[in-house]
Amino acid sequence: MPTSTVLKACEETEPEIDLSGEAGWTPFDAPALVGDSLRFVSGDRSGDRFRARYYRDADNHLHARFWLGPEAEGPPGHAHGGAVAAIMDEALGLAGWAEGYSIVVGNLNVSFRNMLPLGRVITVESRVVSVEGRKIMVHGRIFCGNTTYAEAQCLCITIPGIPGK
């Protein structure tokens, strides 16, 4: 019987994909926080587009491990820019929710730094950087090792009437 290969972040992956976090990260149940609204990006845990697992670190900042498969392809062998933007939208918006803010994304600016190869486990980090009334600013990046694939800034707006801060 063949054995499947389990590889860590930054490495190309085979059938079994290891989305485990770093030492000191604790699993974060994102769907329990926001419900089915996460189904667009990270809802299919066995699909060929995205696979994701969220974590919080000791400072309660949100991190994620993502894998992008063949269904996320744009340029040959690389992720579509819309797939990268969708990951940023979910991860940065979720960072606000994880901090207790009921929000929607008002403006998302993504700067693409390098083409993101498919079949690779990457890390997403995001955190709330400022709060002014109903405006919540969140920053994040997608990276693997020393390579940054994308950086983003997200202006989120709190939703009136929805419980939160």
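Residues: numbered from 1 along the sequence shown. Here the structure is a predicted model, which is why all the values come from computation and not from measurement.
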Q. Which heavy-atom pair separates V128 from G96 by the least distance, and what is that distance?
A. CG2-CA, 3.9 Å

Q) Taking R134 for the side chain and T158 for the main chain, is one N or O donor matched with an acceptor at less than 3.5 Å? A) yes

Q) Looking only at heavy atoms, which two atoms of A91 and V124 are closest? And how far apart? A) CB-CG1, 3.6 Å

(Q) Out of the candidates V121, I142, I87, only one should pair with L68 under the side chain to side chain contact (heavy atoms under 4.5 Å, CB included) rule; please name it. (A) I87

Q.
Y101 vs I159, test: side chain to side chain contact (heavy atoms under 4.5 Å, CB included). Steps then yes/no.
A. CA-CA 9 Å; Y101 300 101; I159 305 168; over 6 Å; no

Q.
Just verifying a value: how many Å separate H139 NE2 and S130 OG, rounded to the nearest 0.5 Å?
A. 7.0 Å

(Q) Could you report the tightest heavy-atom contact between A152 and L108, atom names first, then the distance? (A) CB-CD1, 4.2 Å

Q) Do the side chains of V84 and L118 join up, straight or via other hydrophobic residues, at under 4.5 Å, putting them in one cluster? A) yes

Q | Same cluster (ILVMFWY, side-chain, under 4.5 Å), V110 and V104 | A | yes

Q: Looking only at non-hydrogen atoms, find the nearest pair between P117 and Y149 and report the distance.
A: CD-CE2, 3.6 Å

Q.
To the closest 0.5 Å, what do you measure between SG (C154) and CD1 (I136)?
A. 10.5 Å

Q.
I'd like to know if the side chain of R56 and the backbone of A98 have a donor-acceptor N/O pair within less than 3.5 Å.
A. yes

Q: Test side chain to side chain donor-acceptor pair (under 3.5 Å) on T148 and R113 and set out the steps.
A: CA-CA 6 Å; T148 297; R113 302 295 183 208; over 6 Å; no

Q) Step by step, would you call T123 with R65 a side chain to side chain donor-acceptor pair (under 3.5 Å)? A) CA-CA 5 Å; T123 300; R65 293 283 200 224; 2.2 Å; yes

Q) Looking only at heavy atoms, which two atoms of V138 and A95 are closest? And how far apart? A) CG1-CB, 3.9 Å

Q) Near H80 NE2, under 6.0 Å, is it more than 12 heavy atoms from other residues, nucleotides or ligands? A) no

Q: Starting at CZ of R53, measure out to CD1 of I17 and round the result to the nearest 0.5 Å.
A: 10.0 Å

Q.
Would you say W25 ends up clustered with L19 if hydrophobic residues are merged whenever their side chains have heavy atoms under 4.5 Å apart, either directly or through other cluster members?
A. no

Q. To the nearest 0.5 Å, what is the distance between CE (M137) and CG (L92)?
A. 10.0 Å

Q: Indicate whether the side chain of Y54 and that of E90 have a donor and an acceptor atom separated by less than 3.5 Å.
A: yes

Q.
Ignoring hydrogens, what is the shortest heavy-atom contact between G21 and Y55? Give both atom names and the distance.
A. N-OH, 3.1 Å

Q: Check whether M115 and I122 end up in the same hydrophobic cluster, where Ile, Leu, Val, Met, Phe, Trp and Tyr are linked by side-chain heavy atoms less than 4.5 Å apart.
A: no

